[in-house]
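My structure is below; once you've seen it, I'll send some questions.
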Amino acid sequence: MIGIPLMSKGNMVGVVLIGLKRKLADKGLFSYLFDRLGEHLGSEMERKRLEIQLNSLFDSTPDIICICNEFGKILRCNNAMINISAYPQ
């Protein structure tokens with residue numbers, strides 16, 4: 001069994017455990033690969049956590065929030081905008 005720490009900005013955000021049928025002869029050979037994998041997955045987990053947190057805030061705030069493109073087309077609006085203006089989702 002190999003444990004790969006998932007790191008994001010120096011903080012451990014999780015661990016991936018990999019079960020192997022046989023023992024690795026040279027763990028150093030895979031050390032760089034496992035370190036990079038841990039950094040990548042850790043950063044992705046942190047990004048997803050922040051995305052969920054932001055979406056929760058976006059949807060639950062009582063103030064109207066809209067995201068528009070440079071032409072003024074509404075790309076996304078929160079629940080307050082939908083409820084107040086009857087804007088279709």
Side-chain angles (χ1 to χ4, degrees):
M1 177 96 41
I2 295 175
I4 303 171
L6 304 179
M7 305 297 289
S8 176
K9 299 179 183 172
N11 297 318
M12 185 164 51
V13 295
V15 176
V16 170
L17 296 176
I18 300 175
L20 303 172
K21 290 185 178 182
R22 55 189 158 121
K23 189 175 180 179
L24 282 179
D26 184 13
K27 290 182 184 176
L29 180 64
F30 296 101
S31 179
Y32 174 76
L33 176 64
F34 291 155
D35 287 345
R36 297 288 298 158
L37 179 64
E39 291 171 9
H40 179 73
L41 290 177
S43 295
E44 284 299 307
M45 285 180 64
E46 181 66 10
R47 183 198 60 77
K48 187 63 177 178
R49 184 188 69 76
L50 291 172
E51 179 185 335
I52 290 168
Q53 195 175 35
L54 181 61
N55 283 336
S56 176
L57 177 66
F58 184 86
D59 290 332
S60 65
T61 188
D63 299 320
I64 294 175
I65 301 174
C66 291
I67 299 174
C68 302
N69 67 11
E70 64 272 15
F71 303 108
K73 180 180 178 187
I74 296 175
L75 302 175
R76 183 175 176 201
C77 57
N78 69 345
N79 292 332
M81 172 70 171
I82 293 167
N83 295 336
I84 291 171
S85 68
Y87 185 82
Q89 289 183 333

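Owing to the predicted nature of the structure, the values given are computational and were not obtained by experimental measurement. All values below come from the heavy atoms of this structure, side chains included, with hydrogens, waters and symmetry mates left out. We count residues from 1, following the sequence as given.
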Looking at every non-hydrogen atom in both residues, tell me the closest pair between Asp59 and Asn79 and how far apart they are. O-ND2, 3.2 Å
Would a single hydrophobic cluster contain both Leu50 and Leu54, if residues Ile, Leu, Val, Met, Phe, Trp and Tyr are joined by side-chain heavy-atom contacts under 4.5 Å? no
Heavy-atom nearest pair, Ile74 first then Met81, reads CD1-CE, 4.2 Å
How close do Ile2 and Phe34 get, heavy atom to heavy atom, and via which atoms?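 For Ile2 versus Phe34, the nearest heavy atoms are CD1-CE1, 3.8 Å.
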Residue pair Ile82, Cys77: steps toward the side chain to side chain contact (heavy atoms under 4.5 Å, CB included) verdict: CA-CA 7 Å; Ile82 293 167; Cys77 57; 3.9 Å; yes
How close do Met12 and Val15 get, counting heavy atoms only, and between which atoms?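 So the minimum-distance heavy-atom pair works out to SD-CG2, 3.8 Å.
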Under 4.5 Å between side-chain heavy atoms, hopping through other hydrophobics if needed: is there a path connecting Ile67 to Ile52? no
Which atoms form the tightest heavy-atom contact between Ser8 and Gly42, and what is the distance? CB-O, 3.6 Å
Is it true that Glu51 and Arg47 make a salt bridge, defined as a side-chain N closer than 4.0 Å to a carboxylate O?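 So Glu51 pairs with Arg47 through a salt bridge.
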So which heavy atom on Met45 is nearest to which on Leu6, and how close? SD-CD1, 3.3 Å
Side-chain (Asn78) to main-chain (Asp63) donor-acceptor, under 3.5 angstrom: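 Yes: the side chain of Asn78 pairs with the backbone of Asp63.
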Has Ser43 got a side-chain atom pairing as donor or acceptor with Glu39's backbone, closer than 3.5 angstrom?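 Such a contact is found between Ser43 side chain and Glu39 backbone.
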